[in-house]
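Below is one structure, written out as structure tokens; the observations come after it.
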Amino acid sequence: MKKTSWAALALISVAVSWGAAFVLMKDAIADQPFYDFLAIRFTIAAAVLIVFKPKVLLAFDKTTVKHGVLLGALLAVAYFTQTIGLELASAAITGFITGLYVVLVPIFGWLLYRSKVNRRLVWGVILATGALALISINGFSIGVGELWVMLCAALFAAHIIGLSKLSPGKDVYALTVLQLLTVAGMSWVGALITDGYEAPVDGAGWFAVLFTAIFATALAFLVQTWAQSIMDASRVAILLTGEVAWTAIIAVAVGQEELGLKTLIGGVLMTAAMLIVEWPSKNKDEPEVLLEPLVH
């Protein structure tokens, strides 16, 4: 089998692990405060990447540290809002709405830097708006959990925009480790100033921590980095959009939730919006969405 085929299978595995992470975290944070969960998760993830490549510590120059901490702080707040949303909404809905960041990235690029807007983005926004309405609106109100996840999607989009401006010329591996350490550090502060750190209560809690730290964070980053070295970045992103579908599939398969027709249609529309925005264009003048390897 060709390298690109192996890379495609590996990326699908990453998308599955991201989908499973939502489902595992939903149960885990019911028993362990979310700051505590995120603190141990990102500490382990950063440790794994450092052990995998110890020389990364030598790349911690002043500029890389400054940018890594700044991006990491933005990422930490994104995770805080996402996890609060996950406590209040279902795993499937959290996954669907988080996917909104794909559509928001080019919108933010246009607002901040007057980047060119293409027709596909317009269709993506229309579909994403319809998807949000179906997923989030109940009667004449929007769920609080859904609002938190919308904020999370906006923060993830802002993080990607920041990454596009601050990562060129930097050691991507070192920048990622610094971001993970920052998320871990801010989570530890949150844990210690609330009720003090509480470890996972049982084996299922520890499994959720280790799975999300190793497979959904550290290993996922390594796979993305490797895949983008041998595969077109747009194709990488398209394969990773499967995350939102896998979240719903796994949540239903394990009996954690049942999807109503409205939510199911909304999820399909959100996935379609993500694919439309990320699909590679034949127009060379059309700007591409930033597709750096993402910490998840």
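For reference, positions follow the sequence shown, starting with 1.
- In this model, no donor atom of one side chain and acceptor atom of the other lie less than 3.5 Å apart for T94 and W148.
- By the 4.5 Å heavy-atom criterion applied to side chains, K53 and V177 are not counted as neighbours.
- Separating the NZ atom in K26 from the CD atom in Q256 is a distance of 7.0 Å, to the nearest 0.5 Å.
- The CD1 atom of I29 sits 4.0 Å away from the CG atom of L86 when rounded to the nearest 0.5 Å.
- Rounded to the nearest 0.5 angstrom, Y173 OH and L222 CG are separated by 5.0 Å.
- Nearest approach of Y101 to T98, heavy atoms of both residues: CD2-O, 2.8 Å.
- Atoms CG and CG, on L175 and L180 in that order, are 10.0 Å from each other to the nearest 0.5 Å.
- In terms of heavy atoms, T212 sits closest to T217 at O-OG1, 2.7 Å.
- In summary, the aromatic rings of Y79 and F42 are positioned with their centroids under 6.0 Å apart.
- One hydrophobic cluster holds both V209 and W188 under the rule that ILVMFWY side chains link at heavy-atom gaps under 4.5 Å.
- When side chains are defined from C-beta on, T64 counts as touching L178, because their heavy atoms get closer than 4.5 Å.
- F37 and V189 end up in different hydrophobic clusters when Ile, Leu, Val, Met, Phe, Trp and Tyr side chains are linked at under 4.5 Å.
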For this session: For the pair W6 and I230, evaluate side-chain contact (heavy atoms from CB on, under 4.5 Å) and give the outcome as yes or no after the intermediate values.
Result: CA-CA 10 Å; W6 282 112; I230 59 175; over 6 Å; no
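- Judged by distance alone, the side chain of T263 and the main-chain N or O of L259 form no donor-acceptor pair under 3.5 Å.
- Closest approach of I250 and A20 over heavy atoms only: CD1-N, 3.6 Å.
- Under a hydrophobic clustering in which Ile, Leu, Val, Met, Phe, Trp and Tyr are joined whenever their side-chain heavy atoms come within less than 4.5 Å, directly or via other members, Y197 and V201 fall into different clusters.
- Contact annotation: the side chain of L11 approaches that of V223 to within less than 4.5 Å [non-hydrogen atoms, C-beta and beyond].
- More than 12 heavy-atom neighbours from other residues, nucleotides or ligands sit within 6.0 angstrom of NZ on K262.
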For this session: Carefully, step by step, assess T182 and L75 under the rule side-chain contact (heavy atoms from CB on, under 4.5 Å).
Result: CA-CA 9 Å; T182 302; L75 191 63; over 6 Å; no
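- Both I84 and L151 are members of a single hydrophobic cluster when ILVMFWY side chains are connected at heavy-atom separations under 4.5 Å.
- Interatomic distance, I40 CD1 to E198 CD, rounded to the nearest 0.5 Å: 13.5 Å.
- In F80, the CZ atom is crowded: over 12 heavy atoms of neighbouring residues, nucleotides or ligands sit closer than 6.0 Å.
- When all heavy atoms of V103 and I107 are compared, the closest pair comes out as O-CG1, 3.5 Å.
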For this session: Dump the intermediate steps for side-chain contact (heavy atoms from CB on, under 4.5 Å) on T81 and V149, then the final yes or no.
Result: CA-CA 6 Å; T81 55; V149 186; over 6 Å; no
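- By the rule that hydrophobic residues join a cluster once side-chain heavy atoms approach within less than 4.5 Å of another member, L57 and V65 end up as members of one cluster.
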Problem set entry | Worked check of side-chain contact (heavy atoms from CB on, under 4.5 Å) between L104 and F156 | CA-CA 9 Å; L104 291 176; F156 272 132; over 6 Å; no
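- Rounding to the nearest 0.5 Å places CD of Q179 at 10.5 Å from CG of L181.
- In plain terms, the two heavy atoms of L70 and L166 that are nearest each other are CD2-CD1, 4.0 Å.
- Here the closest heavy-atom approach between residue Q82 and residue C152 is recorded as CB-SG, 3.3 Å.
- Contact annotation: the side chain of E258 never approaches that of V252 to less than 4.5 Å [non-hydrogen atoms, C-beta and beyond].
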